[in-house]
2 protein chains.
Amino acid sequence: MAADLTIGKLAEAAGVNVETIRYYQRRGLLEEPPKPPGGHRRYASEQVRRVRFIKRAQALGFTLSEIGALLALDTACICHDTRALAARKLALIEQKMADLAAMRDVLGGLVRQCDTGTGQTACPIIDVLTRG
Amino acid sequence: MAADLTIGKLAEAAGVNVETIRYYQRRGLLEEPPKPPGGHRRYASEQVRRVRFIKRAQALGFTLSEIGALLALDTACICHDTRALAARKLALIEQKMADLAAMRDVLGGLVRQCDTGTGQTACPIIDVLTRG
DNA sequence: CTAAATGCCGTACTTAAGTACGGAGTCAAG
DNA sequence: CTTGACTCCGTACTTAAGTACGGCATTTAG
């Protein structure tokens, strides 16, 4: 389960810039593999998925430090603080899903309206995220 | 349906900084009401909802310019470009929801694991956003 | 075995999204 | 009718998340 990528291949496979990989390492989101003294580092191919996860989670509105916390859950399902964190993130995720569902419904309605020619109606997309 | 807020009250009601309101005006996300010559502007209370919408949509990973496009749909359900835009956003939203659902399932499983004491299992949150 | 491509690393620049500031004008409570 | 809070506007600063650069080392394709 390794396949040993260079940083350039890793970046390419994950669809990001090499500098981004290095940035994530500095941020502690990605560990940097030990460097063979006077040589180049090699990356396990699982790292590709890790980077993609980061990018996707960002697209869902999570910051890099939230993502760091989520990734930490991956290796530390132990203590009870972890459970609490997971539960909090879960609530946040459910909130986001609800907001998205509301937007989806409005946009769906809008598309349908355009299709059926029932023209001029207001499309109250804003009305949708109003709770809270 | 107005109630005429000052910029300060609008900002407070929406839970943002006054400067943020002004920034959104500059970005064209919020129109600035006409200024009574040599006086202060007044804002209709609907604007509160508009600002909240912007904030929520940001939390869902939309950029301000995407949000501008979504808001534009609100007043322009007319042409066929609009329909296309709405349909594209709809697909994006569905993608986001699917990603969130996957994360939710993993986190839910994690919480349940913690609860039932079935300790050391790996929690493959990353595995979850791997498609694509 | 050499040349072009990569990698390493530190530092500096960029972009998006705000936030802060300063000086002048305006509003509103006492 | 004054005083303190608020508004206006322009400009400048900040933070998060990258991106670029430059000089040197190493790797790899021909």
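Quantities reported herein were computed from a predicted structural model and do not represent experimental measurements. Each chain gets a letter, A, B and so on, in the order its sequence line appears, and its residues count up from 1.
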| message | Please report the distance, rounded to the nearest Å, between CD in Glu19(B) and P in dG10(D). | response | 13 Å

| note | Ile67(A) CD1 to dA17(D) C1', in whole Å, measures 11 Å

| Test: Arg49(B) and Glu46(B) ion pair at under 4.0 Å | no

| message | For the backbone of Leu29(B) and the side chain of Arg50(B), can you confirm whether one donor and one acceptor N or O come within less than 3.5 Å of each other? | response | yes

| query | Hey, does the side chain of Lys96(B) reach the backbone of Leu60(B) with a donor-acceptor pair shorter than 3.5 angstrom? | reply | yes

| request: Taking the six-membered ring of Phe62(B) (Phe, Tyr or Trp), confirm whether the NZ or CZ of Lys89(B) is under 6.0 Å from its centre and within 45° of its axis. | output: no

| Is any side-chain heavy atom of Leu5(B) less than 4.5 Å from a side-chain heavy atom of Arg42(B)? | no

| Taking side chain as C-beta onward, heavy atoms only, is Val106(B) less than 4.5 Å from Leu73(A)? | no

| dG18(C) phosphate, OP1 or OP2: any side-chain N/O from Asn17(B) under 4.0 angstrom? | no

| task | Could you tell me whether the phosphate oxygens of dT19(C), OP1 or OP2, come under 4.0 Å of any side-chain nitrogen or oxygen in Thr20(B)? | result | yes

| task | Take nucleotides 2-8 of chain C nucleotide by nucleotide from the 5' end and write B, S or -, depending on whether a protein heavy atom sits under 4.0 Å from the base, only from the sugar-phosphate, or from neither. | result | ----BSS

| Separation between CZ of Arg104(A) and CD1 of Ile93(B), rounded to the nearest 0.5 Å | 9.0 Å

| request: Among dC21(C), dG18(C), dG18(D), find the nucleotide with the atom closest to the side chain of Leu64(A). | output: dG18(D)

| note | Of the candidates dG18(D), dG10(C), dG18(C), the side chain of Gln58(A) sits closest to dG18(D)

| message | So if I take residues 23-34 of chain B and measure heavy-atom distances to DNA chain C, which residues fall below 4.0 Å? | response | Tyr23(B), Tyr24(B), Arg27(B)

| said: By the 4.0 Å heavy-atom rule, please label Thr63(A) as base, sugar-phosphate, or nothing. | reply: sugar-phosphate

